[in-house]
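Please read the structure below before turning to the comments.
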Amino acid sequence: MRPFTYSRADGVEAAVRAGGGPGAAFVAGGTNLLDLMKADALRPAHLVDISRLPLDRIEETADGGLRLGALARNADTAYDPRVRSRYPMLSKAILAGASAQLRNMATNGGNLMQRTRCYYFYDRATPCNKREPGAGCSAIGGVNRIHAILGASDHCIAVHPSDLCVALAALAATVRVAGPQGERAIPFADVHRLPGDTPQVETTLREGELITAIDLPPQGFADHSTYLKVRDRASYAFALVSVAAALDIADGTVREARLALGGVAHKPWRDSEAEALLAGGPATPERFAAAARMVLRGAKGHQHNAFKIGLAERAIVRALAEAAGVEHP
Ligand code: SF4
């Protein structure tokens, strides 16, 4: 690990001021950043400790939703009675991630900002455009079993590793940030980027901006939703494919559908056309299969991960059936 300086922020404004400095990085739970520093994949010159800021509450919002503090721990969020009863898909997604110890330490804001688990990103002996722009991508033509099948580029085929974010994408959450230019709210779909030719830029957050909260809208799809995670081990493993599926069903007709995938792209993959296809008709396995085919219409596999395309199609059908409470073949 390289030498770095450290300061502890005593307020959001002070944190933003310190976080805008050259080579600065925010640290709270540290469950990903410190690993990256130990691997020498990231070399921040200055760490701004934000862990004592008063951003750890979970509160009601005026519109009937919930505000999750950026520094609320993943475990506290998943077990909050309001999250469990009104947003069960979110609670399930959080508990599918990492381990109990990591969930006790990791924060909601940090979960959004965590980096890919592409092996080459952590290995300084191999070229990686994300770590060193212009160096090349070792995963293309290398070992790419865990990599992207949607939205990738010739510069990077990494995937976003979060489970929490997949559920937040399906719920259409809003991310609140504070920065040198003041506060702003970002629709969740706009927070993370596809790699394009700048895979080192993973989010739309500006220099020095700090996530302060995540707002959940009132509609939590509590009656018909689920999070399905397919992985190599039953616990403590990242998703090969995951699906957040939510349906609003009345009199046997789907009024609204939400579908987001994890483990398949550089950001949580939400497909509004597939969601529209599901709306206005009955909740049947045939219609779920049509939506799944639509989600995967542009999918492209690489040497070791083409299996994810069929896996994702089947996972979508299963997740939607589970959310709807219907049998599936
Ligand atoms: Fe780096 Fe992205 Fe290629 Fe992995 S997939 S080696 S993170 S450029």
Side-chain angles (χ1 to χ4, degrees), residues 1-2 23 25-27 30-44 97-98 102 106 110-166 169 189-205 207 229-233 236-242 260-270 295-296 298-309 311-312:
M1 199 188 261
R2 311 219 163 214
F26 296 121
V27 63
T31 54
N32 185 213
L33 178 64
L34 299 186
D35 283 350
L36 285 159
M37 289 171 67
K38 287 183 218 167
D40 204 23
L42 289 184
R43 299 169 172 175
L102 286 165
N111 190 296
L112 269 60
M113 299 305 290
Q114 68 178 302
R115 310 296 299 272
T116 183
R117 277 10 183 235
C118 171
Y119 337 103
Y120 303 105
F121 179 58
Y122 284 72
D123 180 1
R124 283 205 86 83
T126 59
C128 169
N129 284 325
K130 191 181 280 298
R131 184 172 16 80
E132 196 181 331
C137 172
S138 297
I140 298 173
V143 178
N144 48 40
R145 184 171 180 272
I146 64 170
H147 289 75
I149 53 171
L150 288 164
S153 75
D154 292 343
H155 300 269
C156 179
I157 59 171
V159 298
H160 195 270
S162 171
D163 293 292
L164 166 73
C165 289
V166 183
D190 298 336
V191 170
H192 297 98
R193 294 179 70 253
L194 291 177
D197 58 5
T198 53
Q200 73 278 13
V201 184
E202 295 182 346
T203 71
T204 55
L205 266 65
E207 193 81 15
K229 181 172 180 177
V230 184
R231 47 186 158 171
D232 285 328
R233 287 191 305 267
Y236 197 39
F238 291 97
L240 291 168
V241 169
S242 68
L261 268 64
V264 297
H266 202 253
K267 61 184 284 186
W269 190 264
R270 192 171 157 205
V295 173
L296 277 305
K300 176 176 174 263
H302 297 271
Q303 195 181 359
H304 305 114
N305 72 347
F307 74 95
K308 280 192 178 185
I309 299 172
L311 183 65

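Whatever order the structure lists them in is the order used to number ligands and atoms, beginning at 1.
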Notebook entry, point to check: Is Pro199 in contact with ligand 1, taking contact as a heavy-atom separation below 4.0 Å?
Noted result: no

Notebook entry, point to check: Which one of Lys267, Gln114, Arg115 satisfies the side chain to side chain donor-acceptor pair (under 3.5 Å) criterion with Glu202?
Noted result: Arg115

Next item on the list: Pull out every atom of ligand 1 sitting under 4.0 Å from any heavy atom of Cys156, numbered as shown with elements.
Entry: 2 (Fe), 5 (S), 8 (S)

Checklist line | Atom indices of ligand 1 within 4.0 angstrom of Ala139 heavy atoms, with elements | finding: 5 (S), 6 (S)

Margin query: Tell me if the OH atom of Tyr236 is crowded by more than 12 foreign heavy atoms within 6.0 Å.
Written below: no

Checklist line | Asp40, CG: over 12 other non-hydrogen atoms inside 6.0 angstrom | finding: yes

Checklist line | Nearest-contact summary for atom 6 (S) of ligand 1 - protein heavy atom, Å | finding: Tyr120 CB, 3.5 Å

Next item on the list: Run the numbers on Asp190 and Thr204 for side chain to side chain donor-acceptor pair (under 3.5 Å), then give the verdict.
Entry: CA-CA 7 Å; Asp190 298 336; Thr204 55; over 6 Å; no

Checklist line | Under 3.5 Å donor-acceptor, Lys130 side chain and Pro195 backbone | finding: no

Item checked: Top protein contact for atom 1 (Fe) of ligand 1, by heavy-atom distance -> Cys128 SG, 2.3 Å

Next item on the list: Provide the number and element of each atom of ligand 1 under 4.0 Å from a heavy atom of Asn129.
Entry: 1 (Fe), 8 (S)

Notebook entry, point to check: So does Cys118 have any N/O/S atom less than 2.8 Å away from atom 1 (Fe) of ligand 1?
Noted result: no

Next item on the list: Enumerate the atoms of ligand 1 whose separation from the nearest heavy atom of Ser138 is less than 4.0 angstrom.
Entry: 6 (S)

Check: What is the closest protein heavy atom to atom 3 (Fe) of ligand 1, and at what distance does it sit?
Finding: Cys137 SG, 2.3 Å

Check: Relative to the ring of Tyr120, is the ring of His147 parallel (under 30°), tilted (30 to 60°) or perpendicular (over 60°)?
Finding: tilted

Notebook entry, point to check: Ion pair present between Asp163 and Arg231, side-chain N to carboxylate O less than 4.0 angstrom?
Noted result: no

Note to self: Side chain, backbone, both or neither: which applies to His155 and ligand 1 if a contact is any heavy-atom pair less than 4.0 Å apart?
What the structure shows: backbone

Note to self: Show me which atoms of ligand 1 lie under 4.0 Å from any heavy atom of Ile157.
What the structure shows: 5 (S)

Notebook entry, point to check: Which one of His304, Gln303, His302 satisfies the side chain to side chain donor-acceptor pair (under 3.5 Å) criterion with Asn144?
Noted result: His304

